[in-house]
There are 2 protein chains.
Amino acid sequence: MGITSHDVARLAGVSQPTVSRALRDDPRVSMATREKVKRAAQALNYVPSEAGRTLSTRATRRVGVIVTDLTNPFYPHVIAPLHDELSSLGYRMMLITERSDEAVAEEKLLDQSMDGVVLATATTDSRLPAQLERRGMPYVFLNRDTGRAGDFASVVDNEGGGRLVARELVALGHRRIAGVFGAANTTTGREREMGFRLALAEAGVGLPEDRVVRGAFEYDTGYRALPVLLDAAEAPTAVFCGNDVVAIGVLNAALAAGVKVPDDLTVIGFDDLPMAAWEVFRLTTVRHDLQELSRQAARLLVRRIAKEVDPAGERLVLPTEFVPRATHAHAR
Amino acid sequence: MGITSHDVARLAGVSQPTVSRALRDDPRVSMATREKVKRAAQALNYVPSEAGRTLSTRATRRVGVIVTDLTNPFYPHVIAPLHDELSSLGYRMMLITERSDEAVAEEKLLDQSMDGVVLATATTDSRLPAQLERRGMPYVFLNRDTGRAGDFASVVDNEGGGRLVARELVALGHRRIAGVFGAANTTTGREREMGFRLALAEAGVGLPEDRVVRGAFEYDTGYRALPVLLDAAEAPTAVFCGNDVVAIGVLNAALAAGVKVPDDLTVIGFDDLPMAAWEVFRLTTVRHDLQELSRQAARLLVRRIAKEVDPAGERLVLPTEFVPRATHAHAR
DNA sequence: TCATGGAATACATACGTATTCACAAGTGAA
DNA sequence: TTCACTTGTGAATACGTATGTATTCCATGA
């Protein structure tokens with residue numbers, strides 16, 4: 001069935017090691033032999049076996065990417081550039097979408113079937129990083145990290161982004177403000193909330209608990225949050241959402257409830273997904289470079305695999321920018 | 001670094017082959033030894049090396065999934081259930097997103113690094129299937145196929161779906177009808193168009209070329225198609241779109257152009273993505289079971305890998321259903 | 001007592017590549 | 001002519017697991 005380097009060697013009239021060297025352009029093999037071997041390989045349609053190479057070199061040129069929910073519109077925009085960057089660095093991508101840490105770690109990550117791992121949906125209480133650490137498996141965080149020192153992570157200036165939004169809302173005259181923040185066990189959720197709260201506090205604007213909702217970064221979180229917020233003692237005139245997907249949930253709920261955006265309610269997102277620019281939304285949001293975020297993570301992981309990395313950890317932080325569109329207005 | 005079965009063998013006081021057999025519960029190993037080995041493996045945190053196993057068994061328990069554009073909202077809804085079904089069948093997923101066939105085939109698919117391939121974005125003119133065939137690499141089509149006999153494919157009754165839409169539009173009194181169909185080199189594009197055209201013809205309704213646009217199954221295709229269609233000699237009162245993503249492009253373009261849906265224009269999609277049900281769209285569309293489509297493909301591939309498959313090809317076709325929401329109305 | 005057969009385990013080896021080391025042939029200098 | 005050195009290639013082996021075959025041990029029956 002499979003053609004091996006031995007078959008090529010036989011046809012070319014050389015030894016198997018020479019085939020191995022010739023095809024990788026090892027300078028120790030003479031030009032003449034190299035050509036001869038390559039012609040033989042070509043003739044046989046030889047493709048080196050990945051398994052054999054892996055066993056011999058102890059490198060798989062494969063990287064795992066862990067994501068909880070792929071159908072969340074956010075992740076494809078992370079995974080696509082991640083794939084492309086990894087690919088151009090000579091690595092392939094194994095996609096792993098799992099709910100629970102444990103099974104993944106034992107079965108799939110520790111059997112030496114990949115050289116490293118990208119954690120795209122880490123929570124601060126996950127035990128996975130520690131397990132990877134213990135096994136010496138290189139890994140990096142993408143978008144979210146643990147918030148602890150020593151992480152290798154490609155992240156966004158979430159706190160700065162939260163501040164940006166708070167200042168804009170205050171400048172627009174909003175005082176009854178609400179937040180639909182991300183889950184408390186994610187750094188993205190916590191940091192955006194933190195920056196937002198700090199900047200509000202600096203401006204002397206309060207954020208009472210009945211105008212705060214927290215939940216997963218999902219459509220439903222936003223969709224279900226709006227009615228709750230409208231029920232608050234003092235209904236908000238503006239809502240800052242943990243990310244665009246949540247904001248889109250809020251916008252849809254607003255439409256269902258007959259709440260006019262931005263006249264009755266200002267809605268702000270975070271991420272600036274392509275979808276946010278769609279006519280039906282024209283969502284005012286906070287932009288960061290999602291592609292670069294992913295590419296950076298890929299490069300960081302590859303450097304970590306090569307051990308060309310600061311042992312004390314590296315945290316690459318991308319800046320944010322306020323993107324005004326059509327879902328914000330002055331407070332009435 | 002890595003713990004091997006030899007280490008376990010030494011600790012347990014048995015030979016390496018006995019470790020291999022004991023851990024896989026080979027009945028030839030006595031209960032007592034099995035327990036002893038398992039305790040030793042546990043103590044050393046032993047995880048069998050994937051590469052060694054692959055080399056020895058010639059099976060990788062890995063499957064490749066090829067998709068062109070992951071950021072297209074359609075694909076995540078295919079890939080997520082595909083991943084889960086493959087996972088429950090004991091296979092892992094390698095994600096490959098490439099534009100051009102050739103490089104992929106040579107480098108990544110034929111090096112024995114996976115047991116099979118799912119083609120999710122095949123075009124009718126792709127040379128990839130033939131290459132896979134020649135190498136004896138098992139593969140199945142998902143959603144799209146080549147339309148030729150002998151395919152192994154999990155697909156939707158596209159023609160039937162197209163017919164459903166045509167009949168509904170005609171019943172609603174529409175006579176000036178338009179189509180934004182998928183690319184001509186995809187079976188999904190062709191078959192939906194074919195069914196639609198046939199049913200229109202049966203009803204004596206024409207579909208002139210200036211009310212037809214074809215393009216990739218992308219948002220932009222729909223967004224850019226609407227102005228073109230509105231420029232037709234007789235502007236349409238209804239548009240059938242190749243899929244939901246295209247329809248959503250049309251809906252956004254309609255909003256931008258001030259065209260009221262459904263009063264001025266009826267818009268129909270295909271797929272019934274979760275997004276289609278969002279309040280901002282409430283898209284009337286054609287539903288099929290996207291999850292089952294993916295699961296079926298996974299199971300079919302696994303059967304093909306195990307050679308438990310009809311050598312003449314197997315084409316699993318899922319039914320469609322019309323889903324009336326809020327983007328259709330009677331013709332004025 | 002010894003051959004027979006079954007159970008349990010060990011030995012040897014295959015899988016395909018890459019690498020270390022040894023070796024042969026050729027080159028140039030002393 | 002000999003020696004040191006370079007260049008090019010092959011032999012042997014490592015990588016970690018699984019499997020076909022041989023071996024050992026023990027119980028059984030004549």
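Computed over heavy atoms, backbone and side chain alike; hydrogens, waters and symmetry mates excluded. Letters A, B, ... mirror the listed sequences (proteins, then strands); counts begin at 1. Please read these numbers as outputs of a predicted model, since none were measured by experiment.
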Requested in this report: On DNA chain C, check which nucleotide each of B/S15 and B/S56 is closest to and give me the residue with the more 5' one.
Outcome: B/S15
Query raised in the report: How do B/M31 and A/T4 order along DNA chain C: which one's closest nucleotide is nearer the 5' end?
Result: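 Its nearest nucleotide being more 5', the pick is B/M31.
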So, [X] and [Y], do they make that salt bridge, N to O below 4.0 Å?
{"X": "A/R61", "Y": "A/E50", "answer": "no"}
{"X": "A/R24", "Y": "A/D26", "answer": "no"}
{"X": "A/D111", "Y": "A/R135", "answer": "no"}
{"X": "B/R58", "Y": "B/D115", "answer": "no"}

Taking only N and O in the side chain of [X], is any of them less than 4.0 Å away from OP1 or OP2 of [N]?
{"X": "A/S49", "N": "C/dG16", "answer": "no"}
{"X": "A/R28", "N": "D/dT7", "answer": "no"}
{"X": "B/R58", "N": "C/dG16", "answer": "yes"}
{"X": "B/S5", "N": "D/dG16", "answer": "no"}
{"X": "B/R24", "N": "D/dT19", "answer": "yes"}
{"X": "B/S30", "N": "C/dA8", "answer": "no"}

**Report entry** Closest-nucleotide 5' rank along DNA chain D - winner of A/K36 and B/R53
**Finding:**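 Closest to the 5' end, via its nearest nucleotide, is A/K36.
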Query raised in the report: For DNA chain D, whose closest nucleotide is more 5', that of B/G52 or that of A/Q16?
Result: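 On the 5' side of the pair lies A/Q16.
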Query - Test side chain to side chain donor-acceptor pair (under 3.5 Å) applied to B/Y139 and B/Q131, B/E133, B/R304, the passing residue - result: B/E133
With heavy atoms under 4.0 Å as the rule, sort [X] into base, sugar-phosphate or nothing.
{"X": "A/T33", "result": "sugar-phosphate"}
{"X": "A/V14", "result": "sugar-phosphate"}
{"X": "B/V19", "result": "nothing"}
{"X": "A/P48", "result": "sugar-phosphate"}

Query - Protein-nucleotide distance (B/D26, atom CG; C/dA8, atom C1'), rounded to Å - result: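 The answer, rounded to whole Å, is 11 Å.
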